[in-house]
Amino acid sequence: MPELPEVEVVRRGLAQHVVGRAICDAQVLHARAARRHIPGPDDLGRRLVGRTPVAASRRGKYLWLPLDGRDHALLAHLGMSGQLLVSPVGTADPIHLRARLRFTDGGGELRFVDQRTFGGLALEPLVDDGAGGAVPASVAHIARDALDPDFDDAAFVRALRRRHTGIKRALLDQSLVSGIGNIYADEALWRSRMHWATPTEEIAPVRVRGLLGHARDVMAEALAQGGTSFDALYVDVNGESGYFERSLSAYGQEGLPCPRCGTPIRREAFANRSSYRCPRCQRTPRRPRP
DNA sequence: GATCGGCCCTGCCCGC
DNA sequence: TGCGGGCAGGGCCGAT
């Protein structure tokens with residue numbers, strides 16, 4: 001379940017192992033993996049041959065490799081179960097291999113493996129991001145993430161308090177702040193002692209800033225530990241899992257004691273998925289917004 | 001325009 | 001043992 005820290009770990013791996021290597025062969029093996037590439041999987045493969053990734057970039061959970069000339073980029077989203085692995089040429093293909101890039105230097109190939117096929121690849125033009133940088137066209141509407149040095153805290157506080165929704169929905173809205181998914185939303189809310197259904201317009205600016213700080217802290221800590229791993233689905237480019245799962249306070253801890261007060265953590269239905277909270281530290285607001 | 005719910009997809013796990 | 005149902009969940013799309 002890759003969120004910002006996990007995607008950043010993968011980005012660093014790509015920067016180290018893929019950038020600067022010319023692509024000599026590209027195979028897209030599953031149509032769904034290229035569904036966002038409108039001309040189709042064969043076109044995607046053809047257009048990658050002969051190109052060289054010159055950087056590895058990220059915004060929120062989107063990853064992209066700007067190609068030589070910097071007019072286009074190979075965009076990737078890992079979805080829930082996507083992996084980008086650098087593997088020696090000739091080793092057995094994983095069951096859910098969706099795409100493969102080989103390089104002129106004959107070194108390790110880049111594999112896109114995705115069990116649940118929520119992720120995907122696309123070749124997209126790079127557009128001006130309005131701040132001197134460039135982003136793939138379909139990423140332009142995504143907000144900067146909380147760890148981005150150019151993230152505007154004051155604008156985020158204003159935009160969030162203009163919303164009329166629950167705080168967790170707002171945290172998951174990638175047009176407000178990107179990179180926060182179910183895991184880190186629950187952890188940031190637990191640290192802030194805030195219920196997931198707290199109405200955004202009722203949260204004092206100082207508490208919004210506090211929540212933002214907690215989101216940053218929990219993601220930075222996860223990044224330092226190589227990301228969160230629940231099953232074998234999230235791994236870095238070398239196939240290694242992170243260790244942050246051991247540090248979670250609320251997410252996935254149903255029935256276990258709250259690390260702060262000892263009350264059993266509760267799991268609740270939230271937007272077709274789950275939310276975890278301490279019923280004592282994170283009290284239900286007077287007018288909850290689902 | 002803002003908000004919200006449903007759906008996509010596959011494998012694992014649990015209960016019967 | 002085998003089968004069916006529930007669950008995981010980010011992002012997109014349509015409904016309200």
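Reminder, nothing fancy here: chain letters follow the sequence lines and each chain counts from 1.
- When rounded to the nearest whole Å, the span between CG of A/Asp145 and C1' of C/dG10 equals 16 Å.
- The phosphate of C/dC7 (OP1 or OP2) has no side-chain N or O of A/Arg273 nearer than 4.0 angstrom.
- Around CZ of A/Arg280, the count of heavy atoms belonging to other residues, nucleotides or ligands within 6.0 Å does not exceed 12.
- The A/Ser274 side chain lies nearest to C/dA8 when the options are B/dT3, C/dA8, C/dG10.
- A/Arg267 comes within contact range of the sugar-phosphate backbone alone, with a heavy-atom separation under 4.0 Å but no base atom that close.
- Picking from C/dG10, C/dA8, B/dG5 the nucleotide with the shortest atom distance to the side chain of A/Phe118 gives C/dG10.
- Rounded to whole Å, atom C1' of B/dT3 lies 12 Å from atom CG of A/Leu176.
- The only member of A/Glu109, A/Arg111, A/Arg100 that meets side-chain hydrogen bond (donor to acceptor under 3.5 Å, both in side chains) when paired with A/Gln27 is A/Arg100.
- Taken to the nearest 0.5 Å, the CD1 atom of A/Ile167 stands 4.5 Å off from the CG atom of A/Leu160.
- Within the 4.0 Å cut-off from OP1 or OP2 of B/dT10, not a single side-chain nitrogen or oxygen of A/Ser81 is found.
- Between A/Asp186 atom CG and C/dG10 atom P there is a gap of 10 Å when expressed in whole angstrom units.
- One interatomic measurement links the two molecules: CE of A/Met80 to C1' of B/dC8, which rounds to 11 Å at whole-angstrom precision.
- Looking at heavy-atom distances under 4.0 Å, A/Tyr62 makes contact with sugar-phosphate atoms alone, never a base.
- A salt bridge links A/Asp145 with A/Arg58; the closest basic N to acidic carboxylate O contact falls under 4.0 Å.
- At whole-Å resolution of the value, CG in A/Leu78 and P in B/dC9 are 19 Å apart.
- Side-chain N/O atoms of A/Trp64 and A/Glu124 include no donor and acceptor closer than 3.5 Å.
- Listed pair A/Arg116 / B/dC12 fails the phosphate criterion, with no side-chain N or O lying under 4.0 Å from OP1 or OP2.
- Listed pair A/Gln174 / C/dG11 meets the phosphate criterion, a side-chain N or O lying under 4.0 Å from OP1 or OP2.
- If you take CG of A/Asp173 and C1' of B/dG5, they are 15 Å apart, rounded to a whole angstrom.
- Using a 4.0 Å cut-off, no side-chain N or O of A/His164 falls inside it from OP1 or OP2 of B/dC4.
- Using the six-membered ring where Trp is involved, A/Phe151 and A/Phe156 have ring planes that are tilted, between 30° and 60° apart.
- Considering only side-chain atoms of A/Gln115, the nucleotide from B/dC9, B/dC4, B/dG11 that sits closest is B/dG11.
- Rounded to an integer number of Å, the gap from NZ of A/Lys168 to P of B/dT3 is 18 Å.
- Rounded to an integer number of Å, the gap from CG of A/Asp114 to C1' of C/dA8 is 14 Å.
- A/Arg36 contributes no side-chain N or O that forms a donor-acceptor pair with the base of C/dG11 under 3.5 Å.
- Counting only distance, with no hydrogens or angles, the side chain of A/Arg11 and the backbone of A/Ala56 share a donor-acceptor pair below 3.5 Å.
- For the helix from B/dA2-C/dT16 to B/dC16-C/dG2, the terminal axes (five pairs an end, C1' atoms, rotation from four pairs onto the next four) enclose an angle of 50°, given to 10 degrees.
- Residues A/Val10 and A/Leu74 share a single hydrophobic cluster, defined by chaining ILVMFWY side chains whose heavy atoms lie under 4.5 Å apart.
- Along DNA chain C, the nucleotide closest to A/Asn182 and the one closest to A/His141 are compared, and the more 5′ of them pairs with A/Asn182.
- Between A/Arg32 and A/Arg289, the residue whose closest nucleotide on DNA chain B is further toward the 5' end is A/Arg289.
- A close approach under 4.0 Å does occur between a side-chain nitrogen or oxygen of A/His77 and OP1 or OP2 of C/dG11.
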